[in-house]
Amino acid sequence: MSRTTPPRPFDVTALFPRLAPLARTATRLHPRAGSPSRHDSSVGGPLLWPAGEPWPYCDGPHEWDQVNEPTSPEDVRVQRRIHAAAADRPQSLPHASRYTPEERAAIERINAGRPWPEGPIAMLPVAQLYARDVPLPCPPGQADADLLQVLWCPFDHPEHPRTALFWRSAAAVTDVLGTPPEPPAVQFSDYVPEPCLLSPEQVTEYPNFLELSKELQEELTDWSRWQTAGAAVDSAYAVAPQEFYKDRLSVSPGWKAGGWTRWGLTDPVPRVCSVCGSGMNPLLTIATTEWNSGSESWAPEGNQARDPLPPGVPPANYTRIVLARGYDLQLHVCPVSADHPHLELVQ
């Protein structure tokens with residue numbers, strides 16, 4: 001099912017021509033719960049992984065915070081199915097009566113936790129993106145790569161999961177790994193993505209206000225210039241018109257490939273390769289929510305009615321991932337070499 005971002009209020013480059021050269025294309029992924037196969041672009045779905053290639057493991061450290069009881073990926077899935085089934089039962093029933101005896105026993109077992117794991121941890125699939133669905137620049141020296149696979153260790157390192165990137169040619173994978181290993185435990189259920197299909201959509205983005213030149217920043221804070229757009233600009237932004245730019249015209253929310261870096265937790269900082277010093281490019285944004293109260297104008301049209309979420313799930317949290325208390329994890333890559341480490345940025 002396709003999802004379409006509502007048109008932006010107007011062409012911002014008509015008011016601010018200096019922005020035109022800064023336009024970038026981002027691909028919004030619009031993940032929604034589904035049953036992806038290895039041959040689909042997905043979040044949290046199975047990977048087209050070669051049978052002869054070792055599955056990635058994380059060597060740690062995996063230190064227990066003495067607070068959160070670990071659980072397993074399968075326990076997380078079972079608990080989600082139980083809560084979804086209970087939500088479909090008559091709401092007039094007492095809360096405890098919405099669960100069968102077998103479901104209550106399963107929840108009690110899961111809540112008891114699991115032993116804290118020792119040794120290397122098998123990584124979990126986070127995203128698989130085929131170039132036919134999501135245009136991505138080929139990594140340097142890998143012109144035949146048309147498939148990006150992203151995995152992570154479901155433990156904090158130290159404040160978010162550690163990620164691993166793999167580029168490959170889909171046609172070269174002729175013998176597929178049937179049953180990949182799973183970690184015996186995860187630190188938080190929020191680190192187990194709900195399997196989702198994607199509805200990729202390309203949009204135009206412009207840099208965060210704080211990444212603009214001083215001259216452009218001054219132009220964007222001039223309310224008189226915004227007024228020439230008439231009713232297309234919300235007058236509630238008269239005191240700080242740059243916020244209108246930030247909320248509705250610059251960087252899209254949610255899961256996306258490419259585009260511009262998001263900022264909000266901190267001011268912009270340099271993103272440079274730790275090996276060669278080159279400026280790094282945004283590759284993939286792993287988002288907690290698809291939009292929030294400041295970015296509702298980016299919500300796909302008709303979305304809320306056709307994509308309901310179970311009770312208790314945060315609004316627009318379709319992948320069921322929560323990162324760093326609700327922020328996003330943005331992966332950046334070096335344009336010079338695919339062998340250089342990628343950068344993980346929480347914002």
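- For the residue pair S42 / D40, no side-chain donor-acceptor distance below 3.5 Å is found, with atom types taken as modelled.
- Taking the side chain as every heavy atom from C-beta outward, W260 and N208 never approach each other to under 4.5 Å.
- Using cut-offs of 30° and 60° on the angle between ring planes, the pair W226 and F244 is perpendicular.
- Note on Y191: it clusters hydrophobically with I321, by side-chain heavy-atom contacts below 4.5 Å among ILVMFWY residues.
- A cation-pi contact, defined as under 6.0 Å to the ring centre and within 45° of the axis, links R32 to Y318.
- Residues F10 and L216 are members of one and the same hydrophobic cluster, defined by side-chain heavy-atom contacts under 4.5 angstrom among Ile, Leu, Val, Met, Phe, Trp and Tyr.
- No hydrogens or angles considered: nothing links the side chains of T204 and R24 as a donor-acceptor pair under 3.5 Å.
- With contacts defined as side-chain heavy-atom distances shorter than 4.5 Å, the pair V150/W152 does not qualify.
- At a threshold of 4.0 Å, the pair E215-R18 does not count as salt-bridged, since none of the basic side-chain nitrogens sits closer than that to a carboxylate oxygen.
- Taking CZ from R162 and SG from C153, the interatomic distance works out to 7.0 Å, rounded to the nearest 0.5 Å.
- In terms of the ring pair (Phe, Tyr, Trp, His ring centres under 6.0 Å) criterion, residue partners of H157 (sequence neighbours excluded) are, by chain and number, H62.
- The CD atom of Q142 lies 7.5 Å from the CG atom of D339; values are rounded to the nearest 0.5 Å.
- With 3.5 Å as the limit, one finds no donor-acceptor pair spanning the side chains of R89 and S97.
- Under 4.0 Å is where a charged nitrogen must lie from a carboxylate oxygen, and between E74 and R80 no such pair does.
- Ring centers of W49 and F166: under 6.0 Å apart, within the cut-off.
- Counted by atom type alone, Q202 and T25 present zero donor-acceptor pairs between their side chains at under 3.5 Å.
- Between P56 and L151, some side-chain heavy-atom pair lies under the 4.5 Å cut-off.
- We find the CG-CG distance between D328 and L331 to be 11.0 Å, quoted to the nearest 0.5 Å.
- Looking at H340 and S274, their side chains never bring a donor and an acceptor atom within 3.5 Å of each other.
- If you check the side chains of Q149 and R168, you find a donor sitting under 3.5 Å from an acceptor.
- The closest side-chain heavy-atom distance from R28 to W298 is below 4.5 Å.
- The minimum heavy-atom distance linking P154 with A122 is given by the pair CD-O, 4.3 Å.
- Between D75 and R109 there is a salt bridge, since a side-chain N of the basic residue sits under 4.0 Å from a carboxylate O of the acidic one.
- Counting heavy atoms from C-beta outward, Q79 and V76 have side chains that stay 4.5 Å or more apart.
- For the residue pair S41/Q128, the side-chain donor-acceptor check at 3.5 Å is not satisfied.
- Ion pairing between a basic and an acidic side chain is recognised when a charged N comes within 4.0 Å of a carboxylate O; E344 and R271 show no such pairing.
- A heavy-atom distance below 4.5 Å is found between the side chains of W255 and I286.
- With respect to D146 and R132, no salt bridge is recorded, no charged nitrogen being found less than 4.0 Å from a carboxylate O.
- Going from atom CG of N292 over to atom CG of N317 covers 12.0 Å, rounded to the nearest 0.5 Å.
- For the pair V186/T71, a side-chain contact is recorded, criterion being any heavy-atom separation below 4.5 Å from C-beta on.
- Checking T266 against Q347 by side-chain atom types alone, a donor-acceptor pair falls below 3.5 Å.
- Under a 4.0 Å N-O distance rule, the pair R3/E301 does not qualify as a salt bridge.
- Residue L284 forms a side-chain contact (heavy atoms from CB on, under 4.5 Å) with just one option from L165, V126, L29, and that option is L29.
- Contact check for L129 versus L198: side-chain heavy atoms found under the 4.5 Å cut-off.
- The CH2 atom of W167 lies 4.5 Å from the CG atom of L148; values are rounded to the nearest 0.5 Å.
- Taking OG of S250 as the reference point, atom CD of Q242 lies at 11.5 Å (rounded to 0.5 Å).
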